[in-house]
Every structure is written in C-alpha cells, then in structure tokens.
Amino acid sequence: MICVAIGRSRHKHMMAEHKHLAEQGAKMVELRLDYVTGKVSIRRLLADRPEGTQVIITCRRKEDGGKWSGTEEARVLLLREAIAEGVDYVDLEEDVASQIPRFGKTKRIISYHNFRKTPDNLRELHTEMCQHDPDVVKLATMANSPHDNLRMLEMMQESEVPTVGMCMGDIGTPSRILAGKFGAPWTYATFHHERSLAPGQLSFKHMVETYRYERIGPDTKVFGVVADPVGHSLSPHIHNEEFGALGIDAVYCPFRVPADDLDQFMQDAPRLGVRGLSVTIPHKEQIARHLTKVDPAVKSIAAVNTVVIDGAERIGYNTDYNAAMDCLEHAMGEVGAKPSPVEGKRVLVLGAGGVARPVVFGLRKRGALVTIASRTLKRSEKLADAFEAKAVEWEARHRVHCDILINCTPIGMHPNVDESPVSKTFLKPSMLVFDTVYNPETTLLIKEARSRPCNVVTGVEMFIRQAQLQFFLFTKQEASRSRMHKVVRRTIGPVRDWSNDDEPA
Ligand code: NAP
C-alpha cells in the first residue's frame, strides 16, 4: 500500500488533496498537522473525509524534520484528540509514546527519524521501539551509502512487528520502491513531485504509474540503473513500462551509487534481488572487476553498460556498441548486412569518451576509415591507437572529408541546445549525420543536417535500440520499440515517427 503524505498550510487544501487522492485510488493518507498554520481543527479535517482511505495523523516537531512551532503540550493534546476522534493511525515518536496510551480502535505507529545518517545500531533502535506498544514501527533515516538501503530493508524483512523502514535522500530511493518486496505494510509518497515532505520521497503518481508499486511483492525481480548522478535517467521509465505491458513481475530502480560504493553495492545486489543492471557514468569501466564473464566485444571496448546477474554468474555486455552500429546500418541499408554498408566509408567521430569508444570499435570492425577529433588531443590519440584510427586536433575537424559524421560529445545537449559541434556549412547533402545526444532529440546539429538535407540518425534511436537490447538480455523477451519511443516522447519531447520501421511484434 502507498500512504500519501499531505502537508498544506490551510485546512481546505488538506481536505481537497485528501479528496483528490481518494478519487485517484489512494488507500491511505497521512495528514501532517504540523504544516497547518494557525489553530488546527482535527474535527474539520476529518469531517468530510472520503470513504475508503485510512488516515494517519502526524504532527512532527522541527527536530524530527517537521514544522510544528507550537508547544509540546499542545502537540500531545492534538495527538490525543486524534485518537479520541478514532483515526486509523496516530504517529508517535518514541519519546512521547509512553505519554499517550492506547485507546479505542486507533493503531499506534512508533516512529524514529534521523536526517543525518542511518545509525549502525538500527536493529537495537528497532528493538527499543518495539517496547512502546506499537502496531507498526516506522524508521526514516538518511542514506549516506547504498548499503544503508540493504540494512534497512533486511531489518524490516526480519522484524516480527510490521515495520515501515525507509532511507531518505536520492541514495535511499530504492528503499522506498522496494519496501513492499521486503514486507513493509506500506511505503510513503508525496502528493506532487514538487512538494516532497521528506528528502527522496517520490510522488504518488510516479509510484503508481512508473514503479507499479502495488504489484511489487517478495518474488518481484529487481533491475536498475547504477549511476551517479541518476536522477535524469530515462531508463526507469522505459523498462518499467515494458514490464507492465508484458506482465513481467519485475521492477527497475534508480540506484545512485557513488564511485567509492560500487564494490559494496555489487556485493549487496543479490540480497536486494537484483537480476540485471544498466551501468553508466562513472561505473562503466570499474564494474569490470565484478564480472565473471564478458561478451567478446566488451574485451575490446573495455566498457560495460549492461550486467546480467544469473546465480553466481555476472555477465557484462555493451549494448551501446550494437545499438550504434544497428542505427547506422539501418539508416544506410540493412542491419547486419555482409559486407556492412559502413565498410570503406570515411567517418569523422567527434569526442573520445565513453560513447566514442564503442562507436569507433564498431566502425573499425566493419571496415570504416575513422578520424577522431576531440577537445583533448591526447585522449583522441589514445582511442585512435587502440583501434587503428586517425586523430586530429579539434580545430582541424572542419578540414576532414567524411561520408559519415558522428557526434559523441555532449555539445548540443540540454540545456545548451543552441550549440552544435560543427558549423552548418560543413554539412553536405550526401552525408549521414548521427548525433548520439538524445536530449533533446532534435539537436541543433540534427536540425541543420535535416535542412541540408542529410540522412540523419538521432540519439533517441540509439538510446531506444540499446534499451531494447538490454531488455532482451534481462528478460529474454522482445521490448516494443514503438512503446519505448512513446515513453521517451512523453518524458523528453517529440521523437521521429518510426511507424514504418521494422517494429518487433
Ligand atoms: P564522456 O565520456 O564525458 O566523453 C565526452 C567526450 O566529448 C570527451 O572526449 C570530451 O573531451 C568531449 N567533449 C566534451 N565537451 C567538448 C567540447 N566542448 N568540445 C570538444 N569536445 C568535447 O561522455 P560520453 O559518455 O561519451 O557521452 C557523450 C554524449 O553521448 C552524452 O552527452 C550523451 O548525450 C550521449 N550518449 C548517448 C547515448 C545514447 O544511447 N544515445 C548513450 C550514452 C551517451 P575531453 O576528453 O576533453 O573531456
């Protein structure tokens, strides 16, 4: 179950949100009295309460992350009044729990908050809280490392008293999504994504529509993207939508894992139920030491963007490589044609980083003649040496004759949408222009290339192809490219119409 926290300064707004949430199907709300300014009337808040939603009354002090500015006596009085009114649950911090005895049908949540850390003695704290006659124990602590999530979730799973444990902050987000898998009676969400009442809290809509929280149970398989930062990732949107559409009991989480925490996270992954991971910055190279096997292409590229965890096996793949080559071959003829339509073509690759590497490897494997230009000549030279390509100074890029131009730099990416890595006059109608940047889909480079007109491949096409390949590695099922395309369109804006493409069934 999802409990939606409502915190508004006026009674009428609290009541309107409560009503709206009930209409949206929310089964439980938490009314945060500490957000109300002026005199709080519990009677008024509960007078026309919609049927079918359980209510938690909470009045949080400032030291516990709340906004209550009145006296402690007045706060305790309000909590007693809530019990007298017969609300379903009242939230009592451990230190006030003994002052407020059980009465009537109201259940007691004994809560603990720590906005600095997830204490080492989590289990002892939990045992202490169980001494205060709880129906439910609630712990909300700040996650400073991804390992905090596992400690919280396992503690919750092993507890005999129903426990809602969650880690705060964006590192803690997976603990909120996976709460149901680990036996929590509910998890908390916020009414609107711009009004979270605790760090890292997701909106009710996001929990329901993206994560399909109500369907997550003990057997749900876990997948996710491991990155730092991770908030911008489109992957949770597209993978979760596919799981839902294909009826797969799985959830895809955003795992924010700082570089120093990767080793511990990979140890924890099986205990979290993780079966597969998308891997991105800054882990694409470091993840290699945790793998038992790699796809042959990964050995040459030396970067992994997909890990499949199958029992003791951890197998690494690079779907960026296949996706980029499939996009090019699709635009020029046939995917997988022998010889490849790329063979013998002169290609200028801009950038020498994480995406350029699989692109250059794939191009050279298909017999293309590759020149690399990037900001740091040394980095271009290193990449060129690895795959028998040529490197030139960034300033010399406009003097390179090419049939195909591929942008593997972030130039043109949101918010710098009015930048292009080459001048418009460099673009010739005979060229194929491939921009790997996918936000926005129509970068300035793509717009100018279309106006010449050049054949173009967008970063969205590559992104969706790599996600589709990844989905197959995770589930052995074909994802729908058009569905993924719709999700990307919904999330970042309009994309090319692929209705005539070779869409899998
Ligand atoms: P990266 O590892 O940081 O590499 C970026 C490369 O671009 C580096 O060589 C960098 O040069 C160069 N560069 C950056 N700014 C530049 C500038 N102003 N002028 C000249 N060169 C510049 O990043 P990445 O992982 O390769 O990602 C690059 C882009 O690919 C991202 O912006 C992303 O939009 C896109 N991407 C697309 C997909 C997809 O599926 N479509 C997947 C992943 C990434 P230095 O060496 O000097 O830093």
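Remember, it's 1-based here, ligands and their atoms both numbered in the order they're listed.
- With sequence neighbours left out, His147 forms a side-chain hydrogen bond (donor to acceptor under 3.5 Å, both in side chains) with Gln264, Asp268.
- Side chain to side chain, Thr210 and His206 meet the donor-acceptor criterion of an N or O pair below 3.5 Å.
- For the pair Glu158 and Arg123, the salt-bridge criterion is met [side-chain N within less than 4.0 Å of a carboxylate O].
- Here the two rings, on Tyr252 and Phe223, have centers that are 6.0 Å apart or farther.
- Aromatic ring centres of Phe265 and Phe255: separated by under 6.0 Å.
- Between Arg490 and Glu241 there is a salt bridge, since at least one side-chain N of the basic residue sits less than 4.0 Å from a carboxylate O of the acidic one.
- Near ligand 1, heavy-atom contacts under 4.0 Å come from Ile281, Gly351, Ala352, Gly353, Gly354, Val355, Ser374, Arg375, Thr376, Arg379, Trp394, Cys408, Thr409, Pro410, Ile411, Met413, Thr436, Val437, Tyr438, Gly459, Met462, Phe463.
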